[in-house]
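Residue numbers begin at 1 in each chain, while the letters A, B, ... track the order of the sequences.
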Amino acid sequence: MSNERFDPSVADRRWQAAWEEARCFEADSNSAKPKSYVLEMFPYPSGRIHIGHVRNYTMGDVLARFRKMQGCEVLHPMGWDAFGMPAENAAMEKGVHPAGWTYQNIETMKGQLKQLGFALDWSREFATCDPEYYGHEQALFIDLFNAGLVYRKESEVNWDPVDMTVLANEQVIDGKGWRSGAEVEKRKLNQWFLKITDFADELLEGVQGLEHWPQKVRLMQENWIGKSTGLEFAFDLSNGETLPVYTTRPDTIFGASFVAVAADHPIAQGVAADSAEARDFIALCKKGGTTAAELETAEKLGFDTGITAKHPFTGEPLPLFIANFVLMDYGTGAIMAVPGHDQRDFEFASKYGLPIPRVVAASTEGAGKPFEGEAEAGDGVIVNSDFLSGQEVEDAKRDVITRAEAGGWGKGTTVWRLRDWGVSRQRYWGTPIPFIHCEACGVVPVPQDQLPVKLPEDVDFKQPGNPLLRHPTWKNVACPKCGGAAERETDTLDTFVNSSWYFLRFASQPSDKPFDAAEIAKWLPVDQYIGGVEHAILHLLYARFWTRALAHCGKLDVKEPFASLFTQGMVTHETYSRKAGAREVYYMPAEVDRSSDGAVLKADGQPVEIGKVIKMSKSKKNVVDPEDIIRDHGADAVRWFMLSDSPPERDLPWSEAGIEGCGRFVQRLWRLFGQFDAAASGANKELARKTHQTIAAVAGDIEALAFNKAVARLYELTSAAEKAGPSADRNHAIRSILLMASPMMPHLAEQAWAELGGEGLVAGAPWPEVDAALLVEDEVTIAVQHKGKLRDTLSAPKGASKEDLEALALASEKVQRSLDGAEIRKVIVVPDRLVNIVT
RNA sequence: GCGGGCGUGGCGGAAUGGUAGACGCCGGGGACUUAAAAUCCCCUGUCUUUUAAGGCGUGCGGGUUCGAGUCCCGCCGCCCGCACCA
């Protein structure tokens with residue numbers, strides 16, 4: 001083996017080419033080996049890879065390579081979430097076509113990913129903007145339509161009158177369009193919806209089975225679905241109308257002291273029709289801010305309508321308010337207010353001097369206990385409530401529901417926070433919704449043989465609005481049913497639809513249909529899904545829904561697509577800035593010289609302020625470009641850094657010193673591999689034991705995605721091997737380190753493997769075997785404690801008896817000194833671990 | 001407000017209730033070298049102290065235990081998510 005330094009700039013490219021040549025990462029769906037599907041969330045082709053991608057994909061890559069070494073047939077694919085707004089924005093700003101811009105970005109980013117040496121099956125690559133992919137998506141959408149899971153409904157949207165487009169909620173900032181700055185209007189448009197609410201119960205219950213998902217994500221999904229059960233019933237109003245309300249606390253019905261409706265409730269609108277005061281109040285409600293801070297401090301406000309509602313049991317008239325804290329889009333938009341046992345109602349009643357009756361108490365004796373400044377929402381026993389008094393809360397709920405149902409004035413209901421999924425987007429760069437509007441036949445799906453409905457290419461982005469809508473010919477088609485003149489749907493699908501089934505297409509990609517059920521059964525579910533926590537709700541919920549919906553249509557036999565989910569932390573870096581008047585000017589780490597006592601700008605040698613360590617972002621310029629660091633340190637050092645130190649679920653602070661350390665370790669390993677001595681013989685039992693212990697531990701760490709621990713163990717074994725003299729056991733240690741490091745530093749490993757005369761590629765080599773007999777020590781270190789403190793450590797044969805250990809401990813001079821003749825009351829002996837002497 | 005997570009050296013972090021600080025980074029000292037780079041060795045929680053030895057130490061206060069970073073109770077602080085969801 002040569003004495004030269006390992007040169008990544010040569011080796012990286014050489015082995016990347018070798019892997020490609022050998023096609024060793026292409027998955028065989030017909031393999032008899034156990035399967036492993038490792039998937040990282042596919043990227044949006046924004047232009048360049050960022051460091052977050054590097055971390056995400058490195059983790060998946062290590063797992064994929066490790067599984068392959070363990071004998072699995074691994075599916076580890078990559079593709080592009082390629083539809084979306086940035087392409088259209090680029091089209092508007094730079095006059096480039098979204099397709100050209102997108103495919104150009106894909107080419108760049110694919111090249112960058114290849115530079116990192118990821119073990120990806122590029123033969124399965126696709127972009128969601130490929131007509132083939134979105135054509136299959138259109139077919140699936142029609143399947144869902146035929147299954148009754150797609151419908152159209154008039155619904156309110158955020159409309160930007162300047163850009164003539166619909167905005168997502170997060171694109172509306174302070175009531176203005178994020179791009180145009182124009183005041184956003186509420187408009188009613190016909191929109192396409194997917195009936196995700198049909199699956200609300202299934203999706204909620206399914207969460208219980210997702211044992212290998214982070215608890216946090218499971219909770220977020222549960223909260224998002226938001227199931228609640230209660231009673232829906234109607235009040236008779238003094239004006240002759242009836243008012244349906246929903247409550248989760250029917251047990252507290254005798255504690256109701258008023259009724260309230262949302263500002264945009266029909267009742268409120270009716271009142272406003274002949275009351276200027278009511279109109280003013282409603283306007284005031286609508287003006288209220290919606291930010292977290294505003295809501296938290298917002299005062300409860302109400303407007304007494306003068307109408308009263310008749311209590312269903314007592315017949316008492318309850319005043320009806322319009323209240324700013326009642327939401328129109330939850331439940332019925334109206335509530336029965338029980339101030340004693342709901343904090344919001346309590347605040348409202350206190351402000352307007354309404355009665356606050358107690359109907360729940362800790363015990364029946366507490367019926368007269370006053371409230372202490374806040375509502376009591378907890379459990380207890382019902383009081384002051386006629387026939388309910390004395391019952392437990394849960395029993396009383398059932399009792400009231402039963403009576404309401406028997407009396408025909410109400411019924412037990414389940415209410416969900418989850419809404420149907422609006423998938424219409426009035427944009428160009430998305431999957432065209434495959435429907436045709438015919439005056440005679442209504443809404444007609446595009447026939448299978450006419451799919452895909454392709455996007456027209458000759459579009460102009462100079463004018464605002466949806467280019468599909470103003471395209472001169474694209475939308476004009478013959479109705480598939482009657483043949484008459486008809487128009488295409490010009491809305492495109494939400495890009496979340498694209499990412500709701502891409503993992504299926506990766507697993508199976510016949511040309512004549514979206515996927516093959518048998519092939520899906522071979523690969524799904526994804527064994528390990530890795531991505532950012534920012535997709536904890538929407539993407540993951542939609543993907544779960546699509547999988548279930550397709551199963552419902554008989555298209556496949558999987559219910560949960562992702563068996564195990566891992567959400568990795570962000571890559572962070574400190575910021576560098578200077579004040580320029582009122583503004584803060586930021587500098588990139590590459591522009592700054594950082595030493596232990598400060599940082600100066602390279603350009604002028606003057607100091608810059610060092611800010612907090614935060615997520616890398618373009619706006620703060622605290623970014624490093626993956627291509628730069630690969631060029632400077634090599635792919636393996638970059639990969640190693642991504643895995644070292646920080647636990648993968650936590651944030652990883654990028655540091656120049658850290659990456660340099662990784663580069664040094666690459667060279668250190670290279671030198672160690674060079675010391676492999678085929679002629680060496682003889683044993684080194686201690687090193688052999690450490691080697692086998694390390695193999696077992698590192699395998700466990702990678703399984704658990706605890707890469708930082710695996711890295712630490714490899715450092716340790718490396719040090720031990722460096723210190724040892726030549727022996728057969730040392731050769732085995734070196735070879736094992738090479739194999740264990742190969743998923744993490746594949747280029748270095750291949751180069752060394754080749755030089756050491758290894759068979760084939762190390763990428764195809766098996767994980768080293770563990771000799772279980774060598775895992776156990778025959779000599780163990782025993783800690784001796786006295787008064788709870790460590791006094792001495794001594795070595796003893798493994799499995800020594802308690803008596804022997806006790807005798808050994810008492811024989812220690814240090815222990816005797818600590819005991820100082822005190823009377824020994826008790827000796828605790830934990831075999832192979834410690835002796836604790838109590839005096 | 002509700003829910004979840006986390007507090008360990010200068011820093012990132014290890015530690016089935018059993019030797020706290022593995023491993024890495026930074027820093028200090030030394031070797032090699034004409035010099036540098038590269039590499040190697042040693043030190044590196046804190047206090048008393050020449051050494052030796054010992055005291056104190058895992059956000060704070062209690063508790064359980066022979067023994068607590070780890071378990072329990074009560075605080076404090078930080079981070080994330082959700083939010084007037086009836």
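Within the nucleic acid shown, A/Asp792 has no heavy atom closer than 4.0 Å to any nucleic acid atom. Using a 4.0 Å heavy-atom cutoff across all strands shown, A/Val838 reaches sugar-phosphate atoms only and no base atom. Nucleic acid contact class of A/Asn836 (heavy atoms, under 4.0 Å, all strands): base. Note on A/Glu716: only backbone sugar-phosphate atoms sit closer than 4.0 angstrom, heavy atoms only; bases stay farther off. Base contact: A/Thr793 has a heavy atom under 4.0 Å from a base atom. Residue-level contact check: A/Lys789 touches the backbone only, with heavy atoms under 4.0 Å from sugar-phosphate atoms and none from bases. As judged by a 4.0 angstrom heavy-atom cut-off over every strand, A/Arg817 is placed among residues touching the sugar-phosphate backbone only. Counting non-hydrogen atoms under 4.0 angstrom, A/Tyr246 reaches a base of the nucleic acid. A/Val533 comes within contact range of no nucleotide atom at all, as no heavy-atom separation falls under 4.0 Å. A/Ile828 comes within contact range of at least one nucleobase, with a heavy-atom separation under 4.0 Å. The residue A/Thr332 sits apart from the nucleic acid: no heavy atom pair falls under 4.0 Å. Counting non-hydrogen atoms under 4.0 angstrom, A/Arg791 reaches the backbone sugars and phosphates but no base.
At the phosphate of B/rG13, OP1 or OP2 sits under 4.0 Å from a side-chain N or O atom of A/Arg650. Under 4.0 angstrom from either OP1 or OP2 of B/rA14 there lies at least one side-chain N or O belonging to A/Asn708. The shortest distance between the side-chain N/O atoms of A/Lys826 and the OP1/OP2 oxygens of B/rG67 is not below 4.0 Å. Phosphate contact (OP1/OP2 of B/rC85, side-chain N/O of A/Arg344, threshold under 4.0 Å): present. For A/Tyr715, no side-chain nitrogen or oxygen approaches OP1 or OP2 of B/rG24 to under 4.0 Å. Side-chain nitrogen and oxygen atoms of A/Arg671 include at least one within less than 4.0 Å of the OP1 or OP2 phosphate oxygen of B/rC40. In this structure, A/Arg417 reaches the B/rA83 phosphate: one of its side-chain N or O atoms is under 4.0 Å from OP1 or OP2. Between A/Lys787 and the phosphate of B/rC66, there is no side-chain N or O to OP1/OP2 separation shorter than 4.0 Å.
The aromatic rings of A/Phe254 and A/Phe313 lie parallel to each other, with less than 30° between the two planes, well short of the 60° mark. Ring-plane geometry between A/Tyr246 and A/Tyr330 is classed as perpendicular, the angle between the planes exceeding 60 degrees on a 0 to 90 degree scale with a lower cut at 30.
Within 3.5 Å, no donor on the side chain of A/Lys709 pairs with an acceptor on the base of B/rC23, nor the reverse.
The backbone N or O of A/Ala337 sits nowhere less than 3.5 Å from a side-chain atom of A/Arg344 that would complete a donor-acceptor pair. Side chain of A/Asn622 to backbone of A/Ile614: a donor-acceptor contact under 3.5 angstrom is found.
Between A/Glu347 atom CD and B/rA86 atom P the separation is 16 Å, expressed in whole Å. Rounded to an integer number of Å, the gap from CZ of A/Phe233 to P of B/rA86 is 15 Å. In this structure, the CH2 atom of A/Trp640 is 21 Å from the P atom of B/rG12, given to the nearest Å. Rounded to whole Å, the distance from CG on A/Leu327 to P on B/rC85 is 7 Å. Rounded to whole Å, atom C1' of B/rG10 lies 12 Å from atom CZ of A/Arg594. Regarding A/Ile335, its CD1 atom lies at a distance of 14 Å from the P atom of B/rC84, rounded to whole Å. Between the C1' atom of B/rG12 and the CG atom of A/Leu643 lies a distance of 14 Å, rounded to the nearest Å. In this structure, A/Met642 atom CE and B/rG13 atom P are separated by 14 Å, rounded to whole Å.
Nucleotide B/rU39: paired with B/rA31 (Watson-Crick or G-U wobble, both distances less than 3.5 Å). Searching all strands for a Watson-Crick or G-U wobble partner of B/rG3 with both distances below 3.5 Å returns B/rC80. As the counterpart of B/rC23, B/rG12 is assigned, both hydrogen-bonding distances of the Watson-Crick or G-U wobble pattern falling under 3.5 Å. The pairing partner recorded for B/rC56 is B/rG45, the criterion being a Watson-Crick or G-U wobble arrangement whose two distances lie under 3.5 angstrom.
The nucleotide whose nearest atom lies closest to any side-chain atom of A/Arg833 is, among B/rG18, B/rA38, B/rA14, B/rG18.
Nucleotides B/rG54 and B/rC78 place their P atoms 41 Å apart, quoted to the nearest Å. B/rC56 and B/rA31: their C1' atoms are spaced 37 Å apart (whole Å). Comparing B/rU19 with B/rG69, their C1' atoms are spaced 14 Å from each other, to the whole Å. Here, B/rA68 and B/rG55 have their P atoms 15 Å apart, quoted to the whole Å. Only the C1' atoms considered, B/rU16 is 33 Å distant from B/rC26, to the nearest whole Å. Nucleotides B/rG18 and B/rG24 place their P atoms 24 Å apart, quoted to the nearest Å. For the C1' atom pair drawn from B/rC40 and B/rU65, the interatomic distance equals 47 Å after rounding to whole Å. To the nearest whole angstrom, the two C1' atoms, one in B/rA52 and one in B/rU39, are 35 Å apart.
The CG atom of A/Leu794 lies 8.5 Å from the CG atom of A/Leu805; values are rounded to the nearest 0.5 Å.
Contact annotation: the side chain of A/Glu347 never approaches that of A/Phe325 to less than 4.5 Å [non-hydrogen atoms, C-beta and beyond].
With a 6.0 Å radius and a threshold of 12 heavy atoms from other residues, nucleotides or ligands, A/Glu686 has its CD atom at or below the threshold.
The only option from A/Phe346, A/Phe348, A/Tyr352 that meets the ring-ring contact (aromatic ring centres under 6.0 Å, His included) definition with A/Phe258 turns out to be A/Phe348.
If A/Gln667 and A/Asp329 are placed on RNA chain B by their nearest nucleotide, the residue sitting closer to the 5' end is A/Gln667. Residues A/Leu219 and A/Ala783 both approach RNA chain B. Their nearest nucleotides, taken by heavy-atom distance, put A/Leu219 toward the 5′ side.
Side-chain contact of A/His341 with A/Thr252: a donor-acceptor pair under 3.5 Å is absent, judged by distance alone.
For B/rG9, the base adopts the syn conformation, since its glycosidic angle falls within 90 degrees of zero.
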